[in-house]
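For reference, the structure discussed in these notes is given below.
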Number of protein chains: 2
Amino acid sequence: MTRHALAATQLACWLATAPLAYAAGELPSWNDGQAKQAITAFVAKVTKPGTPDFVPVAARIAVFDNDGTLWAEQPLYFQFLFAIDRIKALSSEHPEWKDQEPFASLLRGDLKATLAGGEHALMEVMAVTHSNLTTEEFEGIVKNWLATAKHPKTGRPYTQMAYQPMLELLAYLRANGFKTFIVSGGGIEFMRAFAEKTYGVPPEQVIGSSGKTKFELRDGKPVLVKLPEINFIDDKTGKPIGINEHIGRRPIAAFGNSDGDLQMLQWTAAGPDARFCLYVHHTDAEREWAYDHPSHIGQLDKGLDEAAAKGWTVASMKDDWKRIFRFEK
Amino acid sequence: MTRHALAATQLACWLATAPLAYAAGELPSWNDGQAKQAITAFVAKVTKPGTPDFVPVAARIAVFDNDGTLWAEQPLYFQFLFAIDRIKALSSEHPEWKDQEPFASLLRGDLKATLAGGEHALMEVMAVTHSNLTTEEFEGIVKNWLATAKHPKTGRPYTQMAYQPMLELLAYLRANGFKTFIVSGGGIEFMRAFAEKTYGVPPEQVIGSSGKTKFELRDGKPVLVKLPEINFIDDKTGKPIGINEHIGRRPIAAFGNSDGDLQMLQWTAAGPDARFCLYVHHTDAEREWAYDHPSHIGQLDKGLDEAAAKGWTVASMKDDWKRIFRFEK
């Protein structure tokens, strides 16, 4: 091969295979503010070979909370709305629920009374709706719900409640050689039912809360049965524990929206080299919701203080995002 | 670019990036027997686009047991030999161990008496040697041990006790677009200390047994402390449970060597499409060890029967492997 042809080959290969930093069109739904600048500056820094901050591809691990960070979480966690729909669907097989809390209030549509039952009531609703099924049956039920259920405020399928700027951010990081993981308090099997299609995150990169399962042979065919027993709660201090258990190395970038993500951001930030931590701040009552402290869901209080003290990036949905949902005009 | 240069470019790119099926030199340490033929036929089948058995890259998940499948496990699991060395190293800080079982026998070098203490004794040795350390401290201790300790029979570092044919098989599968995972009864953090360097398997693709950890802030710096409490045992029915928890989809190929791997092979084989299951059979007393049933370690009994009944591949180390360890002449 001539020297010229070789150079052409190298260029063509590079164009075909290099994880290109997005040029002009990068992160199109982000305004050109401080948050976007901080993101692109960090990515430029860790992907430039031969510099002290360069991070090899294998170590480019980025972790994302799900509820309130990648998709909305109001008026209630979507997985809890799924559980409510499931209680309604199962109620004909359970006539006794009409007189039994927390199901009775829930079937009357009195969510406040259900939630008044506290953690115990929530756990009972989750246990009844998320167990005594094989893992395959559960996946089918979740996928069917996602294909048919509509968000109470927008009337859109729940997967359309994903944040467009965050979808772009996931793609942008992957285009720059990052492996993107979800690390969420949400159910690991619930999220896996849509994470690959909605976020481009494969099941093995989804970490979440889980129930115990039991291996059984049914007519010689092995199945895993979901038990009404907690295995792991992937929230607060559980997030670094889950990251250690599933990933086994420290992320270099972490994205969250609440105090439940604080320990994940702390764990990420404590690494020796360049790190990036970002809080999504719900500041847009018109296009989404505005809440931080206090809030019945996704409370962000200590996290905001720590972000200010440590120089983490805070992205304001109102100011930093051109649009929030893809379906917006 | 001329047409000729374009073709050259395409060829060069293809050579640089395509997951090539190994041609002439594929699996050089495997004899041309039934086992090698079964492996290459399966890989050819699932990687050929447009055929009914084609599997897209994302679903090409292969799972490997570690002890006795990827590296040796005699005279005792290497992790237990690590624990023994660690007890010796810690004994000066624990004068009381001289009169306290199971440590007393172990320090006298009487392994039989230690093992006579049964599961309880083993658990105590593991708890003492694997906890009250941060995850980072533990990783450093394991890496230091691997760099210095020698196998009692061969005098080689333990990582040289990896099976050369299996290292080739891991590389061959990855070259054909497979994602290779370890699913082992061994400790997840113990294996992660060498899996990337020895096997090319990154930490996030290592699944194993684990202890609980606790998140703490020490002088404002977050650490994870290993507790003397079992979190998960990744053996027998635990293997499909661990696969479901960590990978979230069913493997299409599984490799093991003992009855502890049987449920993992059953779970893999039960998928709807083309599947591949292989048992490594320890048949070579001269170059390695010969054992199946009965055995104090790595017993293979029910697994051999089921392999015969279901047509799984059994690779005989004596007949199918040209060489077992890389250091052999």
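Proteins come first, then strands; the chains are lettered A, B, ... in the order of their sequence lines, and each starts at number 1. Only this structure's heavy atoms are used, side chains among them; waters, hydrogens and symmetry mates stay out.
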Inset, instruction - Sort out for me which of A:Pro240, A:Gly208, A:Pro202 touches chain B most, counting heavy-atom pairs under 4.5 Å. - result: A:Pro240
Inset, instruction - Flag the pair B:Asn244 / A:Glu189 as yes when at least one side-chain heavy-atom distance between them is below 4.5 Å, and no otherwise. - result: yes
Inset, instruction - State, with a plain yes or no, whether a side-chain heavy atom of A:Glu204 is found less than 4.5 Å away from one of B:His246. - result: no
Legend entry - B:Lys310, NZ atom: more than 12 neighbouring heavy atoms under 6.0 Å: yes
Inset, instruction - Please look at B:Thr213 and chain A and tell me whether the side chain, the backbone, both or neither of the residue comes under 4.5 angstrom of a heavy atom of that chain. - result: both
Legend entry - Contacting region of B:Ile188 [heavy-atom separation from chain A under 4.5 Å]: side chain
Legend entry - Reported CZ-to-CD1 distance for the pair A:Arg192 and B:Ile247, which is rounded to 0.5 angstrom: 9.0 Å
Inset, instruction - With a 4.5 angstrom heavy-atom cut-off, could you sort out which part of B:Ile207 is near chain A: side chain, backbone, both or neither? - result: neither
Inset, instruction - Give, as side chain, backbone, both or neither, the part of B:Lys236 having an atom under 4.5 angstrom from any heavy atom of chain A. - result: neither
Inset, instruction - Output all residues satisfying ring-ring contact (aromatic ring centres under 6.0 Å, His included) with A:Tyr199, sequence neighbours left out; order by chain, then residue number. - result: A:Phe194
Inset, instruction - Using non-hydrogen atoms and a 4.5 Å limit, figure out which bit of A:Thr237 sits close to chain B: side chain, backbone, both or neither. - result: both
Inset, instruction - Give the member of B:Glu139, B:Lys212, B:Glu196 that has the highest number of heavy-atom pairs under 4.5 Å with chain A. - result: B:Glu196
Inset, instruction - Return the option, out of B:Arg249, B:Gln263, B:Arg250, with the maximum number of heavy-atom pairs under 4.5 Å with chain A. - result: B:Arg249
Legend entry - Close approach to chain A in residues 219-232 of chain B, criterion heavy atom under 4.5 Å: B:Pro222, B:Val223, B:Leu224, B:Asn231
Inset, instruction - Using the six-membered ring wherever Trp is involved, compare the ring planes of B:Phe215 and A:Trp267 and label them parallel, tilted or perpendicular (cut-offs 30° and 60°). - result: perpendicular
Inset, instruction - Mind ranking A:Pro203, A:Gly238, A:Ala269, A:Ala58 by heavy-atom pairs under 4.5 Å with chain B and telling me who comes out on top? - result: A:Pro203
